[in-house]
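Structure, as structure tokens:
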Amino acid sequence: VCSSDLDWNSDVQPSRRNSSGGYHLPELRRNQKMCRSFESDSVFGDKADDLLNTLQKTAWRVDDRILAVAEALNEKRIPVKSFLVSVIDKPAKANAPQHVVDDPTLLKRWKAEQHELHRSYHDQTKKAYRTRQVLAMAKEFEFKTYFLSWSLDWRGRFYSQQSWLTPLSTDFEKSLMKFRDGCKLNDEATDWCRSALGAAYNGTRISFQDRIKWTNDNAALLKRIAEDPLSTISEWEVAKEPWQFLQLCLEWNDVVVTGKEKFWKVPIGADSTASGLQLLSAMRRDPVGMKYANLLEPETPSAAPQDAYMRVLEVAKGIASKDEKLKHLLPYLDYRSIGKPAVMLSVYGGSHQNIKSDIEDAVDEIKDELEAQGLKVDKSDMSKLTTLITDSSKQVFPAAYEASKWLKSLAKQAHKDGKESLSWTTPTNDQIHLTKHEIETTKIYTAFNGTVSIGDFNSEKPDLTKQVSSFAPSFVHCYHAALLKESFSDWQHPIAVIHDCIRVLPSDMDRAMDRIRDGFVSIVDGDPIARLAADLGVPDSKLKRLPQLDQDLASVQHSKYMFN
């Protein structure tokens with residue numbers, strides 16, 4: 001645990017056979033290959049190797065302040081958001097009192113109550129399993145430096161190989177982690193800390209200036225929470241990311257307020273805003289899509305970031321207000337959580353049914369609030385709501401949706417031309433290989449084991465339908481990963497990545513954002529969609545290329561909320 005992981009080395013063979021890096025023990029590396037796939041023949045280039053090794057050299061420590069709070073809450077059986085505990089003790093297996101035994105009605109009720117008590121304890125304990133495991137792991141590593149080994153999925157996205165104490169986890173688990181090596185704060189870095197506090201409490205839809213102002217205005221609250229987290233649970237559990245907010249409060253108090261610590265060690269995060277829309281809109285040079293995906297300079301220095309999901313809902317409101325058959329849907333359109341799944345899934349070609357299912361989940365979470373306004377939630381409206389928001393998304397980001405539809409046509413044409421899998425090269429020289437195979441099984445109905453499926457769960461027969469449906473999101477995801485590789489392959493500072501999100505020290509954030517802007521322009525330069533068609537061997541005569549519009553890529557260099 002006290003030495004960084006073994007470096008990965010490039011290899012011309014498929015990366016699912018590359019076991020050169022990660023764990024030091026060969027026995028562990030045998031089943032922990034560079035590419036987390038059993039069938040894809042993707043091969044990753046030097047920049048992928050370099051960033052993997054940079055991630056593996058980042059040293060971590062457990063934040064003992066958060067661990068102490070978590071242990072106290074666990075002892076008191078107090079759950080807080082992603083920190084789950086059983087709120088009741090394990091019920092004793094006791095016999096019913098004699099007066100209950102003598103009364104059949106009371107006995108029946110007592111048995112039902114005992115059954116419900118045991119069931120509730122079992123369910124709560126099961127849900128809290130991860131919390132118990134994480135606490136045990138954090139306790140074991142409380143005073144040790146540890147490193148994470150990393151690998152890639154077949155699209156080139158980064159994942160840690162460990163299951164616990166990783167940044168790709170819950171709000172609670174992230175708060176247990178801090179960099180071993182910190183930084184001193186100058187004025188710019190301190191503002192990033194203020195912004196992080198404001199974002200952790202309020203979310204990232206407000207401007208940087210408003211996040212900083214919130215922190216300045218709430219200095220007494222931050223100090224109160226930091227000095228007594230257990231007595232102020234009601235004040236920090238309402239934050240957008242309560243555990244990371246608590247960790248930031250503690251760090252702010254120790255480093256900035258009291259000067260108890262000289263170095264800031266808590267990671268500061270920045271997440272790509274609507275990254276699929278960013279990439280497809282930029283590839284098409286669409287000025288409208290790039291504006292609402294935060295790729296352009298804000299209209300004023302104090303302007304809040306554009307919110308793609310709320311913009312779509314505004315368009316949906318305009319449509320619904322003019323249609324008597326849709327007006328009753330207007331109350332739903334005030335909630336960002338309802339608009340987000342439609343935009344996120346539909347741009348990748350998600351099915352109507354899948355989008356509707358996600359919208360139904362979002363509605364269920366705010367059902368009480370909706371009904372308090374006098375709205376009776378009607379499941380029969382969910383399909384209309386799905387269609388309305390999806391159509392509105394296409395109006396806000398027409399070029400991106402046109403590109404997504406075109407990508408499906410490209411995959412189908414490649415199959416018509418005889419390809420049984422799809423391969424292309426990214427700007428960071430990763431060779432991505434998309435293949436899906438049919439599942440050939442038979443269901444057997446048994447008396448004691450119920451329905452059992454047997455057969456070949458990964459046959460050699462290509463599943464062309466699944467390849468087409470996964471092609472657009474896979475293409476976008478490999479470009480997410482390419483952006484990180486282009487931006488950070490030679491990075492020499494502590495860093496973690498979470499899909500299309502980064503976490504660095506506050507003193508490094510300005511440098512990181514500058515690299516991201518440069519990296520983004522680099523990977524979408526030229527015509528990536530046309531290059532993709534060339535890689536798949538589909539000529540313009542068989543599938544006409546999509547035209548690019550008139551937005552200048554240089555404008556991205558002045559963006560402020562591209563990562564937010």
Side-chain angles (χ1 to χ4, degrees), residues 79 81-82 84 112 116 119-120 123-124 126-127 170-171 202-206 237-242 273-277 288-289 292-293 304-398 400-402 404-405 408 465 469-470 472-473:
K81 294 291 180 69
S82 57
L84 301 175
E116 178 60 26
R119 186 199 62 78
S120 179
D123 289 348
Q124 291 181 32
K126 185 177 180 181
K127 290 178 181 178
T170 65
D171 171 51
N202 299 290
T204 57
R205 283 185 285 166
I206 60 176
E237 70 176 351
V238 296
K240 190 78 172 180
E241 297 173 323
T273 57
S275 53
L277 294 171
V288 177
Y292 288 113
Q306 296 286 344
D307 191 323
Y309 310 122
M310 291 304 293
R311 175 57 185 159
V312 167
L313 291 179
E314 287 174 12
V315 172
K317 285 180 182 179
I319 297 171
S321 63
K322 298 174 183 177
D323 190 331
E324 290 298 327
K325 295 181 180 179
L326 298 176
K327 275 187 176 180
H328 65 289
L329 300 177
L330 284 169
Y332 293 109
L333 303 178
D334 289 328
Y335 295 91
R336 187 176 189 265
S337 59
I338 292 177
K340 187 174 182 178
V343 180
M344 290 183 67
L345 289 178
S346 59
V347 74
Y348 294 136
S351 70
H352 179 90
Q353 184 58 39
N354 286 341
I355 297 170
K356 181 166 80 75
S357 178
D358 279 9
I359 288 178
E360 287 174 344
D361 290 343
V363 169
D364 283 341
E365 290 184 6
I366 58 172
K367 185 177 179 179
D368 292 342
E369 189 174 341
L370 290 167
E371 291 181 345
Q373 300 176 35
L375 177 67
K376 181 175 175 55
V377 174
D378 189 342
K379 290 291 185 182
S380 65
D381 286 334
M382 295 301 102
S383 185
K384 291 180 182 178
L385 189 60
T386 300
T387 300
L388 172 62
I389 299 176
T390 301
D391 290 346
S392 301
S393 302
K394 294 175 182 177
Q395 287 191 30
V396 179
F397 297 98
Y401 278 87
E402 187 181 21
S404 181
K405 183 178 179 181
K408 278 192 174 183
T465 300
S469 64
S470 63

Item to check | Residues in salt bridge (Lys or Arg N to Asp or Glu O under 4.0 Å) contact with Glu237, at least two apart in sequence or another chain | outcome: none

Item to check | Any residue meeting salt bridge (Lys or Arg N to Asp or Glu O under 4.0 Å) with Asp334, in chain and number order, not counting sequence neighbours | outcome: Lys317

Checklist entry - Ion pair present between Asp171 and Lys81, side-chain N to carboxylate O less than 4.0 angstrom? => result no

Item to check | Pairwise side-chain contact, Leu277 with Val396, heavy-atom cut-off 4.5 Å (strictly under) | outcome: no

Checklist entry - What residues, two or more places apart in sequence or in another chain, satisfy side chain to side chain contact (heavy atoms under 4.5 Å, CB included) together with His352? => result Lys356, Ser383, Thr386, Thr387

Checklist entry - Restricting to pairs with a member in residues 370-388, which pass salt bridge (charged side-chain N to carboxylate O under 4.0 Å, His left out), not counting sequence neighbours? => result Asp364-Lys379

Checklist outcome for this item: Hits for salt bridge (Lys or Arg N to Asp or Glu O under 4.0 Å) against Glu241, two or more places apart or cross-chain, chain-then-number order -> none

Item to check | Contacts of type salt bridge (Lys or Arg N to Asp or Glu O under 4.0 Å), residue Lys327, not counting sequence neighbours | outcome: Glu324

Checklist entry - Got a second to check how far Tyr309's OH is from Ser393's OG, nearest 0.5 Å? => result 10.0 Å

Checklist entry - Who are the side chain to side chain contact (heavy atoms under 4.5 Å, CB included) partners of Ile319, not counting sequence neighbours? => result Val315, Leu326, Leu388, Ser392, Gln395

Next on the checklist: If you count every heavy atom of other residues, nucleotides or ligands that lies below 6.0 Å from Met344 atom CE, does the total exceed 12?
Outcome noted: no

Next on the checklist: Strictly by ring pair (Phe, Tyr, Trp, His ring centres under 6.0 Å), give each pair with a member in residues 365-385 just once, sequence neighbours left out.
Outcome noted: none

Checklist entry - Which value, rounded to the nearest 0.5 Å, describes the distance between Leu333 atom CG and Leu385 atom CG? => result 6.0 Å

Item to check | Which residues share a side-chain hydrogen bond (donor to acceptor under 3.5 Å, both in side chains) with Arg119, sequence neighbours left out | outcome: Glu116, Asp123

Checklist entry - Quick one: side-chain hydrogen bond (donor to acceptor under 3.5 Å, both in side chains) pairs with a partner in residues 337-346, sequence neighbours left out? => result Ser346-Tyr401

Next on the checklist: Could you work out, with side chain to side chain contact (heavy atoms under 4.5 Å, CB included) as the rule, every residue matching Leu370, not counting sequence neighbours?
Outcome noted: Tyr332, Tyr335, Val363, Ile366, Leu375, Val377

Item to check | Where Ile206 and Pro305 come nearest, the two heavy atoms and their spacing | outcome: O-CD, 3.6 Å

Item to check | side chain to side chain contact (heavy atoms under 4.5 Å, CB included) against Thr170, all qualifying residues, sequence neighbours excluded | outcome: Ser82, Phe172, Glu173

